[in-house]
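First the proteins, then the strands, lettered A, B, ... as listed; each starts at 1. Below, each value reflects all heavy atoms present in this structure, side chains not excepted, and no hydrogens, waters or symmetry copies.
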Amino acid sequence: ELKVEQNPLFLSMQEGKNYTIYCNYSTTSDRLYWYRQDPGKSLESLFVLLSNGAVKQEGRLMASLDTKARLSTLHITAAVHDLSATYFCAVDIRRSGGSQGNLIFGKGTKLSVKP
Amino acid sequence: NAGVTQTPKFRILKIGQSMTLQCAQDMNHNYMYWYRQDPGMGLKLIYYSVGAGITDKGEVPNGYNVSRSTTEDFPLRLELAAPSQTSVYFCASSYTSTGGDGYTFGSGTRLTVV
């Protein structure tokens with residue numbers, strides 16, 4: 001069974017600190033997505049990682065993908081309160097015999113940044 | 001830019017009732033998807049469509065039906081609502097079959113079955 005595991009599932013950090021969220025997956029894929037979800041809201045796309053070694057940065061967030069290790073990381077630099085949200089990784093797998101993608105989501109990491 | 005529009009935003013159903021969740025996109029995307037999100041979990045794929053007239057099952061299709069008569073619309077039908085269908089439902093669309101440009105999600109429909 002395909003598994004996408006995020007850790008930690010809950011993260012409480014102080015403003016100004018750095019931390020990394022990990023996303024491990026159990027099948028071959030070269031496409032991985034990171035989303036942000038605020039309470040009661042939809043998913044906001046943060047990063048689309050399309051190849052091994054891909055690294056993308058936006059503001060205080062940086063995401064990377066290692067397809068050989070089946071691992072993606074989301075690094076938070078100098079956290080601020082506005083980053084408080086739930087972060088999901090999702091792995092794009094191909095349905096057998098076809099080219100249609102299918103997103104498999106992790107359970108999410110609930111991040112709380114405290115002053 | 002409307003993107004992906006879902007209606008209604010909230011709904012309470014009684015066990016055994018039926019309803020249709022509406023989803024429309026104005027980005028001319030061929031690929032559309034329905035996901036459900038249970039509390040504390042990631043999203044799971046219910047059904048998807050690769051174009052008008054073509055639909056297929058995802059991970060958790062039981063209890064649901066879909067149709068795709070136009071490129072823009074992708075409604076999700078619940079025929080006999082059950083408490084296990086209490087969830088938040090998200091519709092999404094993408095330009096490519098593998099979402100290389102990313103997937104766009106609607107704002108969700110929060111459904112409670114009592």
Side-chain angles (χ1 to χ4, degrees), chain A residues 1-10 21 23-25 27-51 54 56 58 63 65 72 86-110, chain B residues 2-7 9-10 21 23 25 27 29-51 54-61 68 87-112:
Chain A
E1 179 188 346
L2 170 64
K3 290 185 179 178
V4 178
E5 295 184 341
Q6 286 182 238
N7 71 83
L9 296 182
F10 298 93
I21 299 171
C23 175
N24 291 88
Y25 54 97
T27 192
T28 302
S29 174
D30 58 1
R31 294 172 182 267
L32 190 136
Y33 304 80
W34 283 96
Y35 291 92
R36 169 182 171 144
Q37 186 179 40
D38 292 297
K41 303 292 187 182
S42 185
L43 281 75
E44 173 191 352
S45 180
L46 294 175
F47 300 108
V48 180
L49 303 171
L50 299 178
S51 62
K56 290 195 175 179
E58 181 73 34
L65 178 61
S72 179
T86 299
Y87 293 84
F88 290 95
C89 66
V91 174
D92 201 338
I93 63 169
R94 307 295 169 87
R95 301 178 72 79
S96 58
S99 62
Q100 176 60 42
N102 180 14
L103 289 183
I104 307 296
F105 283 80
K107 291 184 177 180
T109 296
K110 187 171 184 178
Chain B
V4 178
T5 302
Q6 289 184 238
T7 56
K9 291 192 185 302
F10 304 93
L21 283 67
C23 175
Q25 54 92 8
M27 298 171 285
H29 286 173
N30 279 328
Y31 304 91
M32 296 187 74
Y33 315 84
W34 273 106
Y35 288 88
R36 60 177 285 174
Q37 184 181 29
D38 297 325
M41 302 292 286
L43 280 66
K44 292 190 174 180
L45 183 65
I46 305 171
Y47 271 95
Y48 68 96
S49 169
V50 302
I54 307 170
T55 63
D56 204 351
K57 296 177 181 179
E59 292 178 80
V60 289
R68 183 99 180 267
S87 190
V88 181
Y89 292 84
F90 289 100
C91 179
S93 71
S94 65
Y95 181 68
T96 64
S97 64
T98 52
D101 293 333
Y103 295 76
T104 301
F105 285 84
S107 59
T109 296
R110 187 175 296 271
L111 175 67
T112 302

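- With a 4.5 angstrom heavy-atom cutoff, A/Glu44 does not touch chain B via any of its atoms.
- The aromatic rings of B/Phe105 and B/Tyr35 sit tilted relative to each other, their planes meeting at an angle between 30° and 60°.
- Nearest heavy atom pair, residue A/Ser72 against residue A/Leu49, reads OG-CD1, 3.7 Å.
- Using a 4.5 Å cut-off between heavy atoms, A/Tyr35 contacts chain B through its side chain alone, with no backbone atom that close.
- B/Gln37 touches chain A through its side chain: at least one heavy atom from C-beta onward sits under 4.5 Å away, while N, CA, C and O do not.
- Going from atom CZ of B/Arg68 over to atom OH of B/Tyr31 covers 10.0 Å, rounded to the nearest 0.5 Å.
- A/Glu5 places no side-chain N or O within 3.5 Å of a backbone atom of A/Asn24 that could act as its donor or acceptor partner.
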